[in-house]
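Predicted model, so just to flag it, every value in this text is computed and none were measured. All residue numbers refer to positions in the sequence shown, counting from 1.
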Amino acid sequence: SSAAFEADLRGAQIDLPGEVWDKDAAAPGQARFVVQPGAGGSLNVTGITLQTPTWNGTGAISVAAASRQASGNISLNGYDVGFRWQGEADGRGLLLTTLQADERMLAAFGYPVAPWVTGPMPMAFEVHTARTSITDLQVSANLRDAALRVPLYSKDPGAEAEAILGLSQSGGAFALRSFQVSAPEFAATGTFVSGPDGAWQRIDVARLVLSETDTAGMIERRPGGFAITADGQALDLRSILTGAAVGPATAALPAVEVSGHFGRVLVAEGRWLSDVTASALYSGGAWRRVNAGARLGNGSSVTFDLADAQGGQDVTIRSPDAGELFSALGFFQGATGGTGEIKGKLNDENGRTLTGTVRAENFRIARAPALAQLLAVASLTGTLDTLQGQGIAFSSFEAPFRINATTLTLQQSRAVGQSLCITVEGTLRRAEGELNLGGVIVPLCPVNRLLGDIPLLGDLIVGEGIGATNYRVTGHTSS
């Protein structure tokens with residue numbers, strides 16, 4: 001036999017977590033239950049129907065009072081929920097629940113995760129209770145079929161990933177206590193520190209591994225944003241420096257103050273800085289201030305400064321060792337000594353673009369294969385011998401440039417020395433490694449006419465009996 005019960009919910013006020021699941025009084029609502037007795041004093045609620053303007057549910061529940069067990073399955077607005085509860089004689093209990101969730105379901109319960117996490121994310125809840133109180137709650141989410149788009153990291157559906165959150169009850173609300181996330185080339189563990197209202201105030205990151213990054217740190221909630229302090233073995237800046245990290249996930253970030261120290265920082269493939277200390281401000285979808293100091297490969301210092309200015313951000317990079325600086329940044333190899341400076345303007349015209357000038361003084365270039373080939377073509381054997389030995393001395397180098405995500409463009413660049421002067425202009429396609437450069441090689445500059453009077457791509461020029469030779473270099477950087 002069975003019994004059916006119906007409840008008129010029009011006058012009921014229903015409050016569930018999140019706004020979508022609430023119901024004001026006087027709104028339509030109805031509930032229906034079909035109850036059947038089972039063996040051993042158990043009770044089976046075989047038909048459950050709930051209807052309101054914003055949610056609909058169906059399901060079935062089985063309760064065995066003698067063994068302190070309950071289980072059931074419910075479909076709520078199309079999302080399947082399953083649960084199993086086991087109670088103990090001392091009042092303790094364990095509730096295991098599964099939920100087929102996505103970003104819409106979580107937003108409805110007051111936990112918006114889009115645009116950072118979207119797609120299916122089956123969840124499992126492990127709830128420990130003591131009579132009517134929850135003593136411990138752990139939530140795990142299978143993110144294999146979800147897309148992750150968080151600052152500095154992204155994952156497409158299909159790659160294995162998992163998140164585990166620990167929560168505790170405080171003042172009737174649940175507060176985050178710990179987290180553990182694992183995904184391809186990404187792992188993070190840490191704990192939350194909550195305020196009196198139960199909201200998190202600080203996140204202590206025990207370890208964060210992201211590509212080449214390996215660090216620990218702390219995130220503090222501040223009025224209008226966050227403050228991040230980090231201290232780690234390594235930091236991978238490649239996606240930030242190339243602009244690949246810019247997107248909806250980063251544009252949606254509030255103001256972030258960042259400070260930290262790292263043993264090594266990766267600025268490009270195979271190019272590291274060491275002993276890096278930095279502070280920065282990110283706001284409005286862009287870096288507004290950056291002040292950093294580091295050591296180059298030979299221990300020389302380098303500083304980097306970025307500041308908001310009219311028309312973009314002013315960028316300045318300085319080092320007392322121009323050769324090592326150019327090598328670290330991938331400009332060219334073989335330079336030693338001298339002082340170097342890069343000054344430019346960073347803006348968003350035609351994409352993220354840095355326009356400026358590279359300057360260096362009193363440096364040498366030695367054993368540079370590309371320059372050696374040019375000198376051989378120009379039949380400057382004496383200068384070539386110097387290059388292979390102690391190196392060619394240059395008193396100055398100046399290179400106006402423009403660089404964006406795809407291309408480095410050099411404009412009327414020139415290096416001036418006693419035995420040799422060189423001009424160069426052209427382009428380098430960064431991703432493909434394709435270059436197209438040209439200029440003039442001028443031996444014995446003091447004897448020749450001023451370098452500025454020599455056309456960059458003109459015919460063979462003869463001045464004071466000394467020849468200046470045009471050149472052009474095309475091909476791939478690997479060759």
Side-chain angles (χ1 to χ4, degrees), residues 15-18 21-22 59 61-74 76 79-103 105-113 116-117 120-144 146 148 150 160-183 186-209 216-221:
D15 256 333
L16 292 175
W21 312 93
D22 296 346
I61 298 174
S62 176
V63 179
S67 58
R68 302 183 184 87
Q69 292 179 335
S71 61
N73 293 280
I74 299 173
L76 190 59
Y79 295 96
D80 294 331
V81 181
F83 73 90
R84 186 173 74 255
W85 177 79
Q86 175 65 63
E88 302 294 340
D90 59 4
R92 292 181 296 112
L94 173 62
L95 174 64
L96 302 176
T97 302
T98 58
L99 169 65
Q100 299 299 318
D102 59 17
E103 72 277 12
M105 173 70 161
L106 294 180
F109 274 106
Y111 298 99
V113 297
W116 301 285
V117 187
M121 51 192 89
M123 306 181 74
F125 298 79
E126 183 177 308
V127 186
H128 295 266
T129 61
R131 299 190 185 280
T132 60
S133 299
I134 294 177
T135 58
D136 187 70
L137 170 60
Q138 180 173 289
V139 181
S140 61
N142 185 337
L143 304 177
R144 182 188 60 191
L148 303 184
V150 298
E160 294 291 340
E162 182 184 39
I164 301 175
L165 299 176
L167 299 93
S168 57
Q169 195 172 29
S170 176
F174 290 102
L176 290 167
R177 186 183 70 249
S178 63
F179 66 92
Q180 178 179 332
V181 182
S182 60
F186 177 73
T189 58
T191 57
F192 293 87
V193 177
S194 302
D197 60 352
W200 73 268
Q201 295 299 312
R202 191 180 80 238
I203 302 176
D204 294 324
V205 181
R207 190 180 185 191
L208 169 65
V209 177
M218 179 175 65
I219 304 173
E220 292 183 279
R221 191 189 293 272

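Side chains of Tyr79 and Asp102 form a contact here, defined as non-hydrogen atoms less than 4.5 Å apart. Proximity of Leu148 to Phe186: side-chain heavy atoms (C-beta onward) are nowhere separated by under 4.5 Å. In this structure the side chain of Glu103 never reaches within 4.5 angstrom of the side chain of Val117, judged on heavy atoms. Asp80 is not listed as a side-chain neighbour of Asn73, based on a closest heavy-atom distance of 4.5 Å or more. The side-chain heavy atoms of Phe125 and Leu95, taken from C-beta on, include no pair separated by under 4.5 Å.
Taken to the nearest 0.5 Å, the CG atom of Leu137 stands 9.0 Å off from the NE2 atom of His128. The CE atom of Met218 lies 11.0 Å from the OG1 atom of Thr191; values are rounded to the nearest 0.5 Å. Separation of atoms CD (Gln100) and CE (Met105) is listed at 10.0 Å; rounding is to 0.5 Å. Taken to the nearest 0.5 Å, the CD1 atom of Ile134 stands 11.0 Å off from the OG atom of Ser168. Taking CG of Leu99 as the reference point, atom CE of Met121 lies at 10.5 Å (rounded to 0.5 Å). Separation of atoms CG (Asn142) and CD1 (Ile164) is listed at 10.5 Å; rounding is to 0.5 Å.
Contact detail for Ala216 and Ala206: the closest heavy-atom pair is CB-O, 3.4 Å. Across Leu176 and Phe192, no two heavy atoms sit closer than the pair O-CB, 3.1 Å.
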If you look only at distance, which donor and acceptor atoms sit under 3.5 Å apart when one is on a side chain in residues 64-71 and the other is two or more places apart or in another chain?
| unit_1 | atom_1 | unit_2 | atom_2 | d |
| --- | --- | --- | --- | --- |
| Ser67 | OG | Gln69 | OE1 | 3.4 |
| Gln69 | NE2 | Gln86 | OE1 | 2.7 |

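With sequence neighbours left out, Arg221 forms a side-chain contact (heavy atoms from CB on, under 4.5 Å) with Trp200, Gln201, Phe226.
Among residues at least two apart or in separate chains, salt bridge (Lys or Arg N to Asp or Glu O under 4.0 Å) pairs with a member in residues 121-137 are Asp136-Arg177.
A donor-acceptor pair under 3.5 Å links the side-chain atoms of Thr129 to the main chain of Gly93, judged by distance alone.
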